[in-house]
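Chain A is the first sequence line, chain B the second, and so forth, proteins listed ahead of strands; every chain is numbered from 1.
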2 protein chains.
Amino acid sequence: MSSELTEPGTGPTGAAPTLSEVAKRAGVSSITVSRVVRMPDLVAPETRARVEQAMRDLGYIPNLVAGALASARTNSVGVLVPTIANSIFADTVQGLSDKLEPLGFSVILAQSRYDAAREDRMLAALLSRRPEAIIMVGSPATEDGSRLLRNARIPIVETWDLPANPIDAVAGFDNYKAGVAVAKHLVAQGRKQLAFIGGDDPRGTRRWFGFRDEALARGLAEPRRLILDRKDSGSVAAHARLPGVDAVFAANDAHAIGFMSGLRKAGVLRDGPASAQPVAVIGLGDLEMGQLISPTLSTISVHGDAIGRTAATLTLERGGERRIDLGFELVLRDSG
Amino acid sequence: MSSELTEPGTGPTGAAPTLSEVAKRAGVSSITVSRVVRMPDLVAPETRARVEQAMRDLGYIPNLVAGALASARTNSVGVLVPTIANSIFADTVQGLSDKLEPLGFSVILAQSRYDAAREDRMLAALLSRRPEAIIMVGSPATEDGSRLLRNARIPIVETWDLPANPIDAVAGFDNYKAGVAVAKHLVAQGRKQLAFIGGDDPRGTRRWFGFRDEALARGLAEPRRLILDRKDSGSVAAHARLPGVDAVFAANDAHAIGFMSGLRKAGVLRDGPASAQPVAVIGLGDLEMGQLISPTLSTISVHGDAIGRTAATLTLERGGERRIDLGFELVLRDSG
DNA sequence: TTCTTTCATGTTAGCGCTAACATGCAGCGA
DNA sequence: TCGCTGCATGTTAGCGCTAACATGAAAGAA
């Protein structure tokens with residue numbers, strides 16, 4: 001209340017200092033303070049020094065909420081992922097924020113938890129903060145969500161897939177082809193009874209279709225498909241539930257490693273190379289962990305952080321190619 | 001430009017519709033629209049229906065930036081983590097946003113990358129968005145960062161540790177005691193030559209001190225400490241670099257699993273129980289992966305998501321206990 | 001009937017900042 | 001001397017919304 005609390009070094013008063021308080025203390029108008037913060041080159045050195053001193057004295061922190069309203073630029077990007085825990089999407093978030101944070105953009109993070117209704121709510125919540133772009137994993141699950149984004153008039157980047165009709169920009173890879181590549185490899189290895197384990201989210205399902213189609217095209221029986229609950233480790237897909245199967249494609253490395261641990265318990269895991277494995281296992285994601293276990297995990301390697309960085313780039317430049325296929329790589333190790 | 005574009009169903013005009021445009025269309029004042037959005041009970045049903053129709057027609061999305069400025073409430077929380085990729089902190093972010101998102105709070109995420117200068121910049125960047133609370137992993141690395149937070153006059157939650165002089169609230173566990181517990185267990189198991197591998201961040205260092213102090217107190221030689229670079233997998237800490245060592249505490253499970261893979265290559269890993277292991281290995285974090293490898297990983301289990309949820313709770317209620325010790329648990333499996 | 005309360009809605013001012021447009025002054029060539 | 005230019009700074013208005021305080025009508029109380 002009393003003005004003694006306002007003295008430098010005494011700590012903050014109740015309310016945060018504003019531009020015009022700084023201006024008053026420095027003996028300039030508020031626009032000059034604003035310039036010192038945003039375009040210091042336009043301000044004479046002595047004036048600038050006085051203003052900077054005043055900012056330090058008061059512990060001034062610009063209010064970007066007010067700035068955003070006045071300038072219609074929030075310097076923020078909305079990011080929507082299904083989940084961030086235990087997931088390769090964390091790499092993507094890392095990649096994009098590494099690119100955006102130095103440019104002064106903040107990341108507003110939301111999780112859909114693979115729930116379409118929650119996704120729509122989160123999209124609306126993100127948009128109401130007026131981000132300058134939205135980056136999401138996959139594509140909106142509902143028509144409502146899609147409309148929301150189309151009407152938003154900001155760059156939208158869909159990632160981790162290559163949708164046929166993207167809203168705007170895309171940074172991902174072809175999940176169908178990844179499934180094809182795995183099936184092709186397993187067939188070439190002489191495997192006969194294929195199976196797929198994983199979730200039934202859109203991208204996992206696309207992998208499954210590629211995998212199945214290729215197996216059928218190569219004259220194999222239709223592969224088994226075991227849909228795992230999101231919280232299951234892959235080990236619940238015990239070998240017992242896949243009798244006769246000699247090759248498994250897991251929709252992600254975590255499931256693959258879990259499944260291998262099931263195989264190990266069942267004694268159907270060798271320490272030798274892929275050719276020695278009674279059951280081949282291929283994952284997707286290329287977790288570091290896959291190289292540390294034994295046998296080492298063969299996998300489809302996808303660069304989650306590159307997807308994030310590319311998505312960030314796509315939000316910044318409106319022109320140029322808007323559909324970036326970052327590809328994938330079949331990394332063969334000892335498991336299959 | 002022309003008004004035909006404004007017709008319902010035709011898609012958005014250049015600019016997003018505002019409250020007062022909705023109000024005009026519904027034939028009410030803007031405050032009534034505002035009430036329909038925020039306190040619908042205060043509006044008569046017929047009026048409300050008319051306003052809701054107008055909002056739908058125009059595709060109105062409230063502008064929370066303006067709302068935040070007017071009401072001095074941003075409904076956002078700043079979250080600062082060292083890193084989100086490949087890290088247990090993702091669990092914490094998941095936990096806290098699961099708690100906060102349903103309440104209408106957005107999460108503004110920033111990463112310090114274990115860099116003190118970047119941490120300070122990120123703290124300032126977060127504060128300039130006027131979040132209603134800040135949740136961070138650990139404590140500010142610098143005095144500047146600390147002052148920034150103390151002056152911010154919002155709830156601050158430090159997590160993953162129990163600092164002696166917290167800024168405000170705390171949700172974590174005692175890293176020193178975790179180190180003690182591991183050393184105690186290894187000594188009881190008859191191990192003689194201990195070693196510690198991990199980073200030299202504040203929390204890892206605290207674990208090391210507890211570990212070392214307890215080893216010394218039990219009459220053992222001072223344990224070896226191998227400081228790993230953040231991007232190293234634990235496997236670089238090959239057994240070759242730790243001659244004579246018969247027990248290792250890794251500051252996190254990823255390092256532990258990496259180290260075990262090194263041991264496996266060196267042939268010093270048994271499939272039997274802990275007592276059969278020439279070198280005991282204990283991790284920290286309790287990654288699911290630890291139960292899937294062989295031998296299964298003994299570890300200090302910490303509930304990253306519970307830390308996040310607790311931190312969220314602490315931001316919401318200003319009264320009550322501000323220092324929550326969520327503890328840890330030594331989970332003994334086959335590795336040590 | 002008249003006063004009071006309750007409910008539904010409106011009016012006014014302002015949150016803290018920035019865009020856009022002044023203003024004023026020094027330096028300079030003609 | 002007079003513009004003219006470029007630089008440093010200021011003035012004004014308003015971003016889209018909400019808090020706080022009216023207002024007016026209907027419903028009950030006395």
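The residue T47(A) sits close only to the backbone: its heavy atoms come under 4.0 Å of sugar-phosphate atoms, none of a base. Backbone-only contact: R38(B) has heavy atoms under 4.0 Å from sugar-phosphate atoms and none from a base.
The existence of a salt bridge linking E119(A) and R113(A) is excluded, since no basic side-chain nitrogen approaches an acidic carboxylate oxygen closer than 4.0 Å. Salt bridge D98(A)/R309(A): absent, no basic N to carboxylate O contact under 4.0 Å. In summary, R118(B) and E101(A) engage in a salt bridge, as defined by a charged side-chain N under 4.0 Å from a carboxylate O.
Between the NE2 atom of H303(A) and the CD1 atom of I88(A) there is a distance of 9.5 Å, given to the nearest 0.5 Å. Between atom CG of residue L109(A) and atom CZ of residue F89(A) there is a gap of 12.5 Å, rounded to the nearest 0.5 Å. Atoms CG and CG, on D144(A) and L149(A) in that order, are 11.0 Å from each other to the nearest 0.5 Å.
At a cut-off of 3.5 Å, with distance as the only test, no side-chain donor of R129(B) or S76(B) sits close to an acceptor on the other residue. Remark: the Q53(A) side chain and the R50(A) side chain contain no N/O donor-acceptor pair separated by less than 3.5 Å.
Listed in residue order, the members of residues 63-78 of chain A having a heavy atom less than 4.0 Å from DNA chain C are N63(A), A66(A), G67(A), A70(A), S71(A).
In the 5' to 3' direction, nucleotides of DNA chain D lying under 4.0 Å from heavy atoms of chain B begin and end at dG16(D) to dA19(D).
Terminal axes of the helix from dT1(C)-dA30(D) to dA30(C)-dT1(D) (five pairs each, C1' rotation axis) are separated by 50°, to the nearest 10°.
Whole-Å rounding puts the L42(A) CG to dA22(C) C1' distance at 16 Å.
Of the options L58(B), I61(B), N63(B), a side chain to side chain contact (heavy atoms under 4.5 Å, CB included) to P17(B) is made by L58(B) and by none of the others. When the options R318(B), R322(B), R150(B) are evaluated for a salt bridge (Lys or Arg N to Asp or Glu O under 4.0 Å) with D168(B), the one that passes is R322(B).
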